[in-house]
Structures are given as structure tokens and as C-alpha cells.
Amino acid sequence: MNLLIDTSVWSEALRRKNKSVNSEDTFLFQIIKNEEEIFLTGIILQEILTGIKNQKLFDEINNHLRFFNFINPTNRDHILAAQLRNDLAKKGLTVASIDVLIAQMAISHNLTLATYDSDFEKIAQNSKLKTINLEKYYNKI
């Protein structure tokens, strides 16, 4: 499965207290263990690294993340994201522009978004976005 990993999934693994990053109970660990194709984008990378005050840890995490597949939004992604956000607004759904752009990039690249964020579930119910959380993932493997 080709997965765009949302910040919520990275955070679960990287910002754990008293547990290892490789803890088997994290969604990210299961994805890596099953050798899924993992994708990142700039805004998710920025969100992951934001708030890491320890420069050594910042550099270490940044170094590890560079080995994953990286996608960039196109002008078309921005336009389609704006249209999607407008369509959601017509249905009374308010979603952050950044989340809609992340969703559109997943749609454009035929990726499933691995997330715990309920806003993406709202988008998925009203678009072509495919999402998966840990519970759904365990049911698929």
C-alpha cells in the first residue's frame, strides 16, 4: 500500500514519553514493519520538526525523514484543493486549507492517507480521499 503519513501518525511515534520510537504499538511501526511505501510532503515535514528544541534530535529526525518518498504540491493540486474546500463549505464543513491541500495531494498521487485526524475523515466522506487509521490497518493486514 502507498501511504502518505499524516503528522498525527508521525507524532504518535516520535513524541512518545517513556517509550521507544520503535514501539510495536505505534501505527508507524506497523507500517514500516509491513514494508509499505511511505510518502511525505513539505508541510507534514515542517509540522513534524516544529517544536523540537534539541538541535541534535532535530537533525537526527530530519536525517531519517529524508529517506522516504517526497511529493510536492503542483499548481493543479492547489486549485483542486481550493475547489474541494469550497465544495466542503457548501456542505457546511469547515476544514483547514492545509488539511485540504494534504488531502488533495493524496488524491492526486493515488495515496491512502494514514491519519488519526478526524478532519480527514470528514474530507474522505465527501471526496475521493482514502484514509486509514491503525484499527482499519490491522483489519487489512
Side-chain angles (χ1 to χ4, degrees), residues 1-89 91-141:
M1 187 177 332
N2 293 333
L3 299 169
L4 178 58
I5 309 296
D6 180 41
T7 308
S8 60
V9 175
W10 288 105
S11 292
E12 175 196 33
L14 297 174
R15 296 197 172 122
R16 299 167 61 80
K17 293 181 181 179
N18 302 321
K19 293 194 178 185
S20 165
V21 169
N22 294 327
S23 179
E24 289 187 27
D25 60 344
T26 68
F27 193 5
L28 184 61
F29 179 88
Q30 296 302 316
I31 290 168
I32 292 170
K33 182 178 90 173
N34 289 313
E35 299 180 0
E36 308 288 3
E37 282 292 314
I38 296 175
F39 291 79
L40 268 173
T41 189
I43 191 62
I44 294 172
L45 175 64
Q46 180 180 335
E47 289 177 340
I48 293 166
L49 295 173
T50 295
I52 301 175
K53 295 177 179 96
N54 179 306
Q55 190 62 46
K56 182 178 177 187
L57 181 60
F58 181 99
D59 293 341
E60 184 180 328
I61 291 171
N62 185 41
N63 186 50
H64 286 303
L65 294 175
R66 69 185 177 88
F67 292 105
F68 295 103
N69 301 302
F70 202 86
I71 58 172
N72 290 305
T74 64
N75 286 344
R76 186 169 191 271
D77 287 324
H78 287 283
I79 293 165
L80 292 172
Q83 184 63 59
L84 177 56
R85 189 162 191 260
N86 292 343
D87 292 344
L88 293 169
K91 295 177 181 181
L93 299 171
T94 303
V95 184
S97 293
I98 292 299
D99 288 348
V100 178
L101 179 59
I102 291 168
Q104 184 56 53
M105 291 174 61
I107 294 166
S108 294
H109 288 88
N110 197 29
L111 303 172
T112 299
L113 183 65
T115 187
Y116 289 121
D117 187 332
S118 62
D119 283 344
F120 288 114
E121 290 302 320
K122 289 184 215 171
I123 297 170
Q125 292 168 2
N126 293 281
S127 71
K128 294 180 180 179
L129 177 65
K130 297 175 283 186
T131 62
I132 194 162
N133 60 28
L134 183 58
E135 184 180 329
K136 287 184 197 174
Y137 188 76
Y138 275 134
N139 291 333
K140 280 193 168 259
I141 57 173

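Both backbone and side-chain heavy atoms feed into the values below; hydrogens, waters and symmetry mates do not.
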Quick one: are Met105 and Phe39 in side-chain contact, heavy atoms under 4.5 Å? no

All ring-ring contact (aromatic ring centres under 6.0 Å, His included) counterparts of Phe120, not counting sequence neighbours: none

If you take all heavy atoms of Ala81 and Leu101, which pair is closest and at what distance? CB-CA, 3.8 Å

Considering non-hydrogen atoms only, spot the tightest contact between Asn62 and Leu45 and give its length. OD1-CD1, 4.2 Å

So among Ile5, Ile71, Ile48, Asn69, which one has a side chain to side chain contact (heavy atoms under 4.5 Å, CB included) with Leu40? Ile48

If you draw a 6.0 Å radius around CG in Asn75, do more than 12 non-hydrogen atoms from other residues or ligands fall strictly inside? no

Are the side chains of Leu49 and Phe58 in contact, using a 4.5 Å heavy-atom criterion? yes

Working to the nearest 0.5 angstrom, can you tell me the gap between Leu113 CG and Asn133 CG? 11.0 Å

Which heavy-atom pair separates Val95 from Arg85 by the least distance, and what is that distance? O-NE, 2.6 Å

Whether the side chain of Gln104 engages the backbone of Leu84 through a donor-acceptor N/O pair (distance < 3.5 Å, no angle test) should be reported. no

Is there a side-chain contact between Lys130 and Asn110, using heavy atoms and a 4.5 Å cut-off? yes

Is Leu4 close to Ile44 at the side-chain level, that is, under 4.5 Å between some pair of heavy atoms? yes

Polar side chain donor-acceptor pair, Asn139 to Glu135, under 3.5 angstrom: no

Quick one: pull up CG in Asp87 and OG in Ser127 and give me the separation to the nearest 0.5 Å. 9.5 Å

Mark yes when over 12 heavy atoms from residues, nucleotides or ligands other than Glu35 sit less than 6.0 Å from its CD; otherwise mark no. no

Roughly how far apart are Ile123 CD1 and Leu129 CG, rounded to 0.5 Å? 6.5 Å

Backbone N/O of Gln83 and side chain of Asn86: donor-acceptor pair under 3.5 Å: no

Do you know which two heavy atoms are closest between Tyr116 and Ser8, and how far apart they sit? N-OG, 2.9 Å

Is Thr74 close to Ser108 at the side-chain level, that is, under 4.5 Å between some pair of heavy atoms? no

Nearest atoms (heavy-atom pairs only) where Thr41 meets Pro73: OG1-CD, 4.2 Å

If you round to the nearest 0.5 Å, how far is CG of Asp6 from CD1 of Ile43? 11.0 Å

Between atom OG1 of Thr112 and atom CE of Met1, what is the distance when rounded to the nearest 0.5 Å? 6.0 Å

Flag for Asn34-Gln30: side-chain donor and acceptor within less than 3.5 Å: no

Which pairs count as salt bridge (charged side-chain N to carboxylate O under 4.0 Å, His left out) when at least one residue sits in residues 105-129, sequence neighbours excluded? Asp119-Lys122, Glu121-Lys136

As an exercise, state the distance from CZ of Phe27 to OG1 of Thr115, rounded to the nearest 0.5 Å. 8.5 Å

